[in-house]
Amino acid sequence: MTVSAEVGRSDFDRVMVPNYAPVNMVPVRGAGSRLWDQQGREYVDLAGGIAVNALGHCHPAMVEALTEQANRLWHVSNIMTNEPALRLADKLVAATFADKVFFANSGAEANEAAFKLARRWAHNQFGVDKSQIIACSNSFHGRSLFTVSVGGQPKYSEGFGPALGGISHVPYQDVAALEAAMSDQTCAVVLEPIQGEGGVIPASDEYLRQVRALCDKHNALLVFDEVQSGMGRTGKLFAYMDSGVVPDILTSAKSLGGGFPISAMLTTAAVAEHFAVGTHGSTYGGNPLACAVAGRVLDVVNTPEVLDGVRHRHQLIVSALEKMATEFGVFSSVRGRGLLLGAVMAEQWRGKAKDIQVLAQEEGLLVLQAGPDVVRLAPSLIIEEADIAEGMQRLQTALQRLVA
Ligand SMILES: *Cc1c(COP(=O)(O)O)cnc(C)c1O
């Protein structure tokens with residue numbers, strides 16, 4: 001293992017805008033669910049690039065798709081279409097409720113497209129007054145100005161000038177509040193079937209059914225942000241498939257590219273037609289490299305082996321976490337679905353999720369937080385059972401140190 005002496009973590013503070021606070025090591029190589037840093041230290045990766053590395057690091061199928069496409073065609077712009085984009089769109093349409101696909105590069109951009117499309121759809125059919133977007137408190141939809149405004153965490157939108165209008169927030173899982181907020185001026189209701197950043201909180205199927213009914217009553221579009229919950233994460237290709245509640249627009253990103261930047265907005269033909277020629281666009285959206293990789297990720301993920309494997313791995317991790325919860329009293333509960341899991345800090349350990357993240361890293365284990373009170377895991381969907389066992393062992397040691 002070569003040590004790269006040229007740059008290191010301290011250079012971040014010297015040359016990078018200080019909007020992130022990265023951990024004190026720099027990873028240089030990954031394989032499967034293991035990572036190695038500049039010093040050659042090895043880590044079990046249960047963070048998964050925040051629910052991005054669906055097939056772990058450097059999966060051979062992804063490497064093959066990328067290198068093959070890299071030797072063929074990189075970029076043509078949207079004045080032309082391309083084969084990888086058409087193939088990927090075809091697969092997404094075949095696998096979901098959607099008839100049409102729009103590609104972009106990030107979750108925020110897919111949501112930006114979704115919100116703009118909902119507004120345009122309403123404007124074209126019902127006029128300017130039907131523009132209200134209702135979203136949930138504590139939700140996360142990205143960091144562009146529109147998406148932080150729709151997102152339900154004021155700390156992300158404060159201090160960036162005049163707020164965007166026509167956006168309201170209601171508590172998550174509160175049907176009465178949504179009913180009270182909705183009117184015929186509502187053009188869309190936006191929610192995450194599982195709030196990810198907000199603390200790994202799944203919505204109940206009953207809530208989703210009632211939201212769907214309210215949207216139908218008021219002629220509003222239902223938008224599911226599945227940027228974090230989608231692409232096999234729950235053991236279904238998308239979380240909506242578990243509930244049986246079908247949205248009008250769905251956004252996907254993160255795991256879609258397995259680590260290559262790409263996002264997609266999926267919708268019905270009737271809604272899609274309101275994005276007529278010239279109404280929206282993206283230079284890189286539908287880029288051949290990105291679509292070639294995502295196409296291969298979808299081929300691997302959307303199989304019974306991988307999706308059933310997610311449910312099996314869920315069981316392994318949840319039972320290990322519950323055992324530790326009993327042993328150490330650090331966690332009050334474990335929640336989430338599939339391989340998007342949150343261990344909730346018990347009362348006397350509130351605010352200490354970060355401490356666990358730091359101790360775990362010292363033990364050679366990468367985990368995430370979802371707010372100060374939840375330790376979040378979002379590993380590869382095909383993580384080896386041996387890596388789960390080793391990861392849980394290292395977490396056990398970290399917790400022992402925490403309570404000591
Ligand atoms: C991560 C995330 C986003 C934003 O995705 P970016 O690629 O960072 O723009 C949007 N919505 C949800 C639910 C997310 O988890």
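Remember, it's 1-based here, ligands and their atoms both numbered in the order they're listed.
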With sequence neighbours left out, write down each residue that passes ring-ring contact (aromatic ring centres under 6.0 Å, His included) with Phe160, or none if nothing qualifies.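 Phe160: no ring-ring contact (aromatic ring centres under 6.0 Å, His included) contacts found.
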Are Arg87 and Asp90 ion-paired here, with the side-chain N under 4.0 Å from a carboxylate O?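 No, Arg87 and Asp90 are not salt-bridged.
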Check ligand 1 against the protein and report each N/O to N/O distance under 3.5 Å, formatted as atom name, atom name, distance.
| unit_1 | atom_1 | unit_2 | atom_2 | d |
| --- | --- | --- | --- | --- |
| ligand 1 | 5 (O) | Gly107 | N | 3.4 |
| ligand 1 | 7 (O) | Gly107 | N | 2.8 |
| ligand 1 | 9 (O) | Gly107 | N | 3.3 |
| ligand 1 | 9 (O) | Ala108 | N | 2.7 |
| ligand 1 | 11 (N) | Phe140 | O | 3.3 |
| ligand 1 | 11 (N) | Asp225 | OD1 | 3.3 |
| ligand 1 | 11 (N) | Asp225 | OD2 | 2.7 |
| ligand 1 | 15 (O) | Gln228 | NE2 | 2.7 |
| ligand 1 | 15 (O) | Lys254 | NZ | 2.6 |

Please work out which of the three classes, parallel, tilted or perpendicular, describes the rings of His280 and Phe102, given edges at 30° and 60°. tilted
Say whether, by atom type as modelled, one donor and one acceptor occur between the side chain of Glu192 and the main chain of Ser229 under 3.5 angstrom.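 Between the backbone of Ser229 and the side chain of Glu192 there is no qualifying donor-acceptor contact (under 3.5 Å).
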Using the ring of Phe275 (Phe, Tyr or Trp, six-membered ring only), decide whether Arg120 places NZ or CZ under 6.0 Å from its centre and within 45 degrees of its axis. no
Answer with yes or no after comparing the ring centroid distance for His141 and Phe146 against a 6.0 Å cut-off, counting only values under it.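 Not close enough - the centres of the two rings lie 6.0 Å or further apart.
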